[in-house]
Student: 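Structure in structure tokens, see below.
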There are 2 protein chains.
Amino acid sequence: MLTMKAKYALRALTTLARHGGKPLPAHQLAERAQVPESFLEVILSDLRRAGYVASKRGLQGGHQLAKPPEQIGLGDLIRSIDGPLAPIRCASLTAYRACSDCPDPDACATRVLMTDVRNAISDVLDRRTLRDQVELESIRGDLAA
Amino acid sequence: MLTMKAKYALRALTTLARHGGKPLPAHQLAERAQVPESFLEVILSDLRRAGYVASKRGLQGGHQLAKPPEQIGLGDLIRSIDGPLAPIRCASLTAYRACSDCPDPDACATRVLMTDVRNAISDVLDRRTLRDQVELESIRGDLAA
DNA sequence: GGAATTTCCGACCGAACAGATCGGAATTGT
DNA sequence: ACAATTCCGATCTGTTCGGTCGGAAATTCC
């Protein structure tokens, strides 16, 4: 499941990307990305901790991308907000943990199935970057106009 | 996310499939499938409502599959317990609903992305049936023995 | 008919998580 | 000094998750 938080994070980051290198204050970002301002601050804090956003305080301050959009993988981005992509922990590569009630994970049919699912998800998300999302937005946006 | 409930449901159904056509009482099923008995009853109720399980009361009663394993699609099964497969409602085919804050779903980059994810998930789950899971279990189980 | 077995059903419950809000401290530019 | 802004932790409300429990209804066997 994609939480609101991750959805907002995605919107915030694409907005920052489109804004160029200049810092954008939180309240302006909130308006443009359509995210509740106080909640956005929590999210920006997460994104900063994860190294996606750099912030500057004081007048003329604001938030900007810490690295170029093509270096921000969507899989990792979503992981940093929502946790592992796998539907179940025992099928996660990045955060594996066996089910407490599972006698033998290697023989678990559910795990095999869910590993395929997790790989399918990762195949989509880990192959794309924020740049792809920005481009998508421009194209779609232009068509709408 | 795959909930415990869905995981248990999967285990219960494969157990029923392996048991053949005969009805299996809930407490025996609980034991074999390693599911808390009282919780299992809730799950069986869902599965019955969804048409996967037929139950008979009284002595010699129990639960059995309502249709052959190869006719039980894993996608639909999981949907019936956990809801839509899509990570976000606006990307669901079977249960579409636009985000309340989305000005134009057709121009939403997040939705495009998540639609690809939902298709990837569905490609895995909607192509398999309970039969595949049962076979997987036999193979893996045999190897372990 | 009565007893045993079993399903069936709804109410409840505690812990965790989602989706925020709020108040105030710290930092920075003018 | 002051205004703008980030930064941080506490709190809060509602929902979902993962169950449990008690009892009613059905079925079978004797």
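Protein chains get the first letters and strands the later ones, always in sequence-line order, with residue 1 at the start of each. Computed from a predicted model, the values in this text were never measured in an experiment.
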Student: Contact class for B/S38 vs. all strands (heavy atom < 4.0 Å): base, sugar-phosphate, or nothing?
Tutor: base
Student: Checking B/R11 side chain against B/Q34 main chain: does a donor-acceptor pair fall under 3.5 Å?
Tutor: yes
Student: In whole angstroms, how far is the P atom of C/dA18 from the NZ atom of A/K7?
Tutor: 15 Å
Student: Atom CG of B/L13 and atom CG of B/L65: how far apart are they, to the nearest 0.5 Å?
Tutor: 6.0 Å
Student: Would you call B/C90 and B/T110 a side-chain contact if the rule is heavy atoms closer than 4.5 Å?
Tutor: no
Student: Nearest to the A/H63 side chain among D/dC7, D/dG19, C/dG19, which nucleotide is it?
Tutor: D/dC7
Student: Hey, what do you get for CZ (B/R131) to CD1 (B/I72), rounding to the nearest 0.5 Å?
Tutor: 11.5 Å
Student: Write down the distance between CE (A/M4) and C1' (C/dC17), rounded to a whole number of angstrom.
Tutor: 14 Å
Student: Separation of B/E41 atom CD from C/dG10 atom P, in whole Å?
Tutor: 13 Å
Student: Please tell me which of the listed nucleotides, D/dT20, D/dT5, C/dT21, lies nearest to the side chain of B/V42?
Tutor: D/dT20
Student: Rounded to the nearest 0.5 Å, how far apart are CG of B/L93 and CG of B/L85?
Tutor: 10.0 Å
Student: A/L40 has an atom CG; how far is it from atom C1' of C/dG19, in whole Å?
Tutor: 13 Å
Student: Please figure out whether A/K5 or B/G61 has its closest DNA chain C nucleotide nearer the 5' end.
Tutor: B/G61
Student: Would you mind reading off the distance between A/R11 atom CZ and C/dG19 atom P, rounded to a whole angstrom?
Tutor: 12 Å
Student: Nearest-Å distance, CD1 (B/I43) to P (C/dT7)?
Tutor: 14 Å
Student: Consider only side-chain N and O atoms of B/T14 and B/R18, and report whether a donor and an acceptor are under 3.5 Å apart.
Tutor: no
Student: Whole Å only: how far is the CD atom of B/E37 from the P atom of D/dG18?
Tutor: 19 Å
Student: Considering only side-chain heavy atoms of B/P36, which listed nucleotide, C/dA20, D/dT5, D/dT20, is closest?
Tutor: D/dT20
Student: Kindly say if A/Y8 contacts the phosphate of C/dA20, meaning a side-chain N or O under 4.0 Å from OP1 or OP2.
Tutor: yes
Student: Go through the steps for A/T15 and A/R32 under the test side chain to side chain donor-acceptor pair (under 3.5 Å), then give the verdict.
Tutor: CA-CA 7 Å; A/T15 304; A/R32 296 200 201 178; over 6 Å; no
Student: Let's see if you get this right: which residues in residues 45-60 of chain B place a heavy atom under 4.0 Å from DNA chain D?
Tutor: B/R57, B/G58, B/L59, B/Q60
Student: Figure out the CG/C1' separation between A/D82 and C/dA16, and round it to whole Å.
Tutor: 16 Å
